[in-house]
Number of protein chains: 2
Amino acid sequence: MAALLEHTQETIAMRVVDALRDDIITMSLKPGDVISESDIAARYGVSRQPVREAFIRLAQQGLLLIRPKRATVVKKISPDGVRQSRFIRESIEVEIIRRVAGQPTDDAADVLTTLIADQEAASAANDSRRFHTLDELFHRTLARLAGVEYAWQLIDDHKMQLDRVRYLTLGVSSTQRAIAEHKEIAQAVAKADPAAAELAMRAHLARAELLLNQTINDFPDFFE
Amino acid sequence: MAALLEHTQETIAMRVVDALRDDIITMSLKPGDVISESDIAARYGVSRQPVREAFIRLAQQGLLLIRPKRATVVKKISPDGVRQSRFIRESIEVEIIRRVAGQPTDDAADVLTTLIADQEAASAANDSRRFHTLDELFHRTLARLAGVEYAWQLIDDHKMQLDRVRYLTLGVSSTQRAIAEHKEIAQAVAKADPAAAELAMRAHLARAELLLNQTINDFPDFFE
DNA sequence: GCCTGACAGCTTCCATACAAGGCGGGCAAT
DNA sequence: ATTGCCCGCCTTGTATGGAAGCTGTCAGGC
């Protein structure tokens with residue numbers, strides 16, 4: 001059964017964008033790899049035009065670097081860029097958690113605890129991919145509760161750099177510890193304690209810094 | 001004499017992007033206006049292809065809305081979008097000012113007072129366009145002092161919506177008041193008082209809210 | 001042996017042609 | 001008079017060919 005009100009049709013260009021982005025984030029296309037419109041077009045059996053448009057989109061998202069008349073390369077990860085992306089994310093998420101904890105709605109705490117329960121299930125099942133999804137959902141839900149879901153979309157865009165790092169260390173991160181930190185955040189929200197919520201959120205996000213430094217050592221070629 | 005080390009060449013697509021963005025921000029192209037690739041191509045005497053790529057870029061920046069197989073329209077200004085852009089900006093700028101005031105460098109205060117002096121000169125000369133430039137420079141300088149200039153670039157991208165609003169009310173805003181607020185911020189930095197700096201910055205940014213509501217009343221057709 | 005310059009092969013960029021689909025006006029049937 | 005259909009005209013999407021430019025190679029001169 002096709003969707004009835006589906007009037008945003010899939011164009012070939014969009015499919016190529018999604019496919020390439022997935023390849024890049026999952027490190028199937030590695031930082032520094034050189035690709036060309038013709039290559040990708042041949043690989044997907046389409047013409048060069050949609051591929052070209054996909055390149056433009058991904059270049060604007062900071063995943064590709066188009067060198068006019070020369071070639072297009074998968075952008076290496078900029079440690080300073082990742083650091084500043086983290087700064088942006090922390091700025092926004094701290095402001096979000098302050099709002100949520102400062103003016104908690106009735107069901108806020110319930111929604112969060114439900115999500116945490118799901119995360120525990122995923123962790124118990126050792127399903128790290130599903131846990132990652134639920135982790136994102138946790139943070140996006142906080143943005144929704146603060147009434148700034150669009151802000152999360154922004155974070156999402158500029159967090160792909162960090163996602164590449166994360167993928168390199170998949171399985172390393174301790175889901176148990178993340179869950180404990182989520183609980184701490186949720187409790188601060190339940191108690192309507194913005195200061196405690198802010199501290200818990202900052203501690204939660206700070207862990208990514210270690211991950212970055214470790215990854216730079218393990219995969220120096222992927223960084224600039 | 002051509003630039004010697006110019007190896008980032010201007011492509012036609014880039015020129016079209018710049019021209020269109022300027023037209024949109026200065027309201028030469030009004031929210032809701034319908035444009036087509038062929039129109040713009042004919043207007044600039046180029047083919048559809050570069051124009052199409054420009055549309056894609058501007059659509060990703062939220063200035064255009066491409067409706068497949070129908071037409072492309074200049075996006076109307078979303079009040080909620082502007083509100084959330086402001087939220088993002090406030091989150092980041094508050095974090096920036098905290099850092100700058102928390103770990104002030106020796107010359108930070110000097111640089112800021114110099115900038116404020118320039119602003120007073122521009123204000124005295126009634127040069128509102130120059131004042132606007134100096135206003136942006138003030139905030140970008142704070143980002144630089146905090147070591148997160150890239151973050152300001154992000155704000156810059158997502159603040160075009162607000163710039164359109166600002167252009168509608170050009171000359172209305174009181175430069176004197178803005179300068180006074182800048183002074184307050186600079187003083188808090190000089191005293192290394194993060195809390196006071198945060199309050200001053202929040203107050204400074206809050207003024208934009210009034211501007212928005214007033215503008216919605218004056219130009220309801222430009223908003224969705 | 002070393003330097004220089006032409007050149008072949010690659011890239012992205014632009015122009016053009018065609019395909020697919022939405023929209024509205026005119027027309028016919030009820 | 002109203003409703004429903006059909007057909008041009010418009011739009012964006014895709015394909016393809018050629019133009020401009022960068023890079024590395026290789027032959028020729030010193």
Side-chain angles (χ1 to χ4, degrees), chain A residues 2-21 23-24 29-76, chain B residues 2-21 23-24 29-76:
Chain A
L4 292 175
L5 291 180
E6 189 68 46
H7 62 54
T8 59
Q9 51 184 338
E10 279 276 297
T11 70
I12 294 181
M14 293 178 189
R15 279 206 306 273
V16 175
V17 166
D18 290 341
L20 281 180
R21 175 167 40 216
D23 283 348
I24 292 173
L29 283 175
K30 298 178 174 47
D33 280 0
V34 175
I35 58 182
S36 82
E37 298 172 358
S38 314
D39 284 348
I40 308 298
R43 182 185 309 175
Y44 289 100
V46 299
S47 92
R48 291 188 343 250
Q49 198 55 42
V51 176
R52 173 173 178 73
E53 298 179 2
F55 276 21
I56 293 175
R57 288 189 159 90
L58 293 171
Q60 271 209 335
Q61 297 183 7
L63 292 180
L64 292 183
L65 177 63
I66 301 178
R67 301 180 301 177
K69 305 299 171 72
R70 258 179 291 178
T72 296
V73 301
V74 180
K75 246 196 171 181
K76 294 205 175 187
Chain B
L4 291 174
L5 288 179
E6 190 68 47
H7 65 53
T8 58
Q9 50 184 339
E10 279 277 293
T11 68
I12 294 182
M14 293 179 190
R15 279 206 305 274
V16 175
V17 167
D18 290 340
L20 281 180
R21 175 166 39 217
D23 283 349
I24 293 174
L29 283 175
K30 298 178 173 45
D33 279 1
V34 176
I35 59 183
S36 82
E37 297 172 358
S38 313
D39 284 346
I40 308 298
R43 182 184 311 174
Y44 289 98
V46 299
S47 92
R48 267 186 53 213
Q49 203 54 46
V51 175
R52 174 175 178 74
E53 297 177 4
F55 276 23
I56 293 176
R57 288 189 159 91
L58 293 172
Q60 272 206 337
Q61 297 184 9
L63 292 181
L64 292 183
L65 176 63
I66 301 177
R67 301 180 301 177
K69 306 296 174 73
R70 258 179 292 177
T72 296
V73 300
V74 179
K75 246 194 173 182
K76 294 205 174 186

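Labels below follow one simple rule: chain letters A, B, ... track the order of the sequence lines, proteins then strands, and each chain is numbered from 1.
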Beyond-backbone contact of A/V34 with A/T72, side-chain heavy atoms, under 4.5 angstrom: no
Rounded distance in Å - CD1 (B/I40) to P (D/dT11): 11 Å
Ionic contact status for B/D18 with B/R15, cut-off 4.0 Å: no
Side-chain heavy atoms of A/R67 within contact of A/V73, under 4.5 Å: yes
Nearest-Å distance for atom pair CZ/P, residues B/F55 and D/dG13: 11 Å
Phosphate contact (D/dT23 OP1 or OP2) by A/R70 side-chain N/O below 4.0 Å: yes
Sugar-phosphate, base or nothing in reach of A/I35, heavy atoms under 4.0 Å: sugar-phosphate
Please list each protein N or O that sits under 3.5 Å from an N or O in nucleotides 13-15 of chain C, with the distance.
residue	atom	partner	partner atom	Å
C/dC13	OP2	A/R52	NH1	2.6
C/dC13	OP2	A/R52	NH2	3.0
C/dC13	N4	A/R48	NH2	3.0
C/dC14	OP1	B/I12	N	2.5
C/dA15	OP2	B/S47	N	2.8
C/dA15	OP2	B/S47	OG	3.0

Sub-4.5 Å side-chain heavy-atom contact between B/K75 and B/L63: no
Contact under 4.0 Å: B/T72 side-chain N or O vs D/dT12 OP1/OP2: yes
A/I35 and A/L29, any side-chain heavy atoms less than 4.5 Å apart: yes
Sidechain N-carboxylate O distance under 4.0 Å for A/D33, A/K30: no
